[in-house]
Amino acid sequence: EVQFVESGGNLVQTGGSLRLSCVASGLNFDDYTIGWFRQAPGKEREGLSCISTSDGDTCYADSVKGRFTISSDGARKKVFLQMNGLKREDTAIYYCASSTRPWRIASALSPANYGSWGQGTQVTVAS
């Protein structure tokens, strides 16, 4: 069974930074696209970024491009999301999930193409 555990969420001031981690188990880490998503209260789940663990290709939503950076550590089966320049609207629960769809589909960051969702980690940005 594929499982993800996210960590690193916290309360941070506007303009601050956080680094989220997602550790995977139950999968061959090199065969997936791993994505980061978030969901704020009353809003739909939003795709933020993804990484191909086989070749390192990355994708970003326009809302986070230039502020967030995704990376992975295959040896430790971890995916990271470095978040800089945080804004109040970044407040949400952040999740990671995996996709086996082709890159052109997975990189569109639709939650419908991802599965094995973790429990999430809360990020709160206060002014």
Side-chain angles (χ1 to χ4, degrees):
E1 180 185 6
V2 177
Q3 290 186 329
F4 293 97
V5 178
E6 303 92 339
S7 62
N10 210 332
L11 171 64
V12 64
Q13 296 296 308
T14 301
S17 298
L18 282 175
R19 188 192 194 208
L20 305 184
S21 297
C22 168
V23 60
S25 61
L27 79 168
N28 184 343
F29 195 75
D30 293 334
D31 291 341
Y32 290 80
T33 297
I34 309 296
W36 280 100
F37 298 78
R38 69 186 178 192
Q39 189 163 18
K43 294 189 176 182
E44 294 187 352
R45 192 162 294 189
E46 173 191 11
L48 304 175
S49 183
C50 67
I51 187 165
S52 167
T53 56
S54 62
D55 60 18
D57 281 350
T58 59
C59 73
Y60 294 94
D62 288 343
S63 59
V64 303
K65 198 172 294 183
R67 297 191 299 128
F68 292 7
T69 303
I70 194 170
S71 61
S72 66
D73 180 342
R76 294 191 293 165
K77 293 189 176 182
K78 284 190 171 183
V79 177
F80 306 98
L81 188 67
Q82 177 66 42
M83 306 188 297
N84 299 326
L86 285 163
K87 308 173 183 179
R88 290 193 65 181
E89 53 263 41
D90 293 319
T91 295
I93 299 175
Y94 284 67
Y95 302 89
C96 59
S98 62
S99 177
T100 57
R101 303 299 298 274
W103 176 252
R104 61 181 176 81
I105 295 175
S107 60
L109 290 171
S110 170
N113 291 318
Y114 284 75
S116 301
W117 297 89
Q119 85 290 345
T121 186
Q122 176 71 49
V123 172
T124 303
V125 184
S127 57

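Just so you know, these numbers use all the heavy atoms, side chains as well, and skip hydrogens, waters and symmetry mates.
Summarising the geometry of Thr121 relative to Gly8, their closest heavy-atom pair is OG1-N, 3.9 Å, with the distance given to 0.1 Å. In this structure, Cys50 and Trp103 approach most closely via the heavy-atom pair SG-CH2, 3.5 Å. Closest approach of Gln122 to Thr124, counting heavy atoms only: NE2-OG1, 3.3 Å.
In this structure, Thr100 and Asp31 have side chains that are not in contact, with every pair of non-hydrogen atoms separated by 4.5 Å or more. Taking 4.5 Å as the limit, every side-chain heavy atom of Arg67 sits out of range of all side-chain heavy atoms of Met83. Side-chain contact between Gln82 and Ser71 is absent, with no heavy-atom pair separated by less than 4.5 Å.
The salt bridge (charged side-chain N to carboxylate O under 4.0 Å, His left out) contacts involving residues 55-64 comprise Asp62-Lys65, where partners must be two or more places apart or lie in separate chains.
Of the possible donor and acceptor atoms, none in the side chain of Gln3 sits under 3.5 Å from a partner among the backbone N and O of Gly26. The backbone N or O of Cys59 sits less than 3.5 Å from a side-chain atom of Ser49, completing a donor-acceptor pair.
Here Ser98 pairs with Val2, Phe4, Tyr32, Ile34, Ser116 under the side chain to side chain contact (heavy atoms under 4.5 Å, CB included) rule; sequence neighbours left out. Residues satisfying the side chain to side chain contact (heavy atoms under 4.5 Å, CB included) criterion with Ser110, sequence neighbours excluded, are Ala112, Asn113.
Ile93 and Ile70 fall into different hydrophobic clusters, defined by Ile, Leu, Val, Met, Phe, Trp and Tyr side-chain heavy atoms under 4.5 Å apart, directly or through other members. Hydrophobic cluster membership differs between Val79 and Leu109, with clusters built from Ile, Leu, Val, Met, Phe, Trp and Tyr side chains linked at under 4.5 angstrom. Transitive grouping of hydrophobic side chains (ILVMFWY, heavy atoms separated by less than 4.5 Å) brings Leu81 and Ile51 into a common cluster. If you chain together hydrophobic residues whose side chains sit under 4.5 Å apart, Tyr60 and Leu86 fall into the same group. Val12 and Leu48 fall within the same hydrophobic cluster, defined by Ile, Leu, Val, Met, Phe, Trp and Tyr side-chain heavy atoms under 4.5 Å apart, directly or through other members.
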Acceptor/donor pairs from residues 35-46 side chains to any protein atom, 3.5 angstrom cut, sequence neighbours excluded:
| from | atom 1 | to | atom 2 | distance (Å) |
| --- | --- | --- | --- | --- |
| Arg38 | NE | Glu46 | OE1 | 2.9 |
| Arg38 | NH1 | Asp90 | OD1 | 2.8 |
| Arg38 | NH1 | Tyr94 | OH | 3.0 |
| Arg38 | NH2 | Glu46 | OE1 | 3.4 |
| Gln39 | OE1 | Arg45 | NE | 3.2 |
| Gln39 | OE1 | Arg45 | NH2 | 3.2 |
| Gln39 | NE2 | Lys43 | O | 3.1 |
| Glu46 | OE2 | Ser63 | OG | 3.0 |

Exercise answer: donor-acceptor pairs, residues 13-21 side-chain atoms, under 3.5 Å, sequence neighbours excluded:
| from | atom 1 | to | atom 2 | distance (Å) |
| --- | --- | --- | --- | --- |
| Thr14 | OG1 | Ala126 | O | 3.2 |
| Ser17 | OG | Asn84 | OD1 | 2.9 |

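Connectivity analysis of hydrophobic side chains (ILVMFWY, heavy atoms under 4.5 Å, direct or indirect) links Val5 to Val23.
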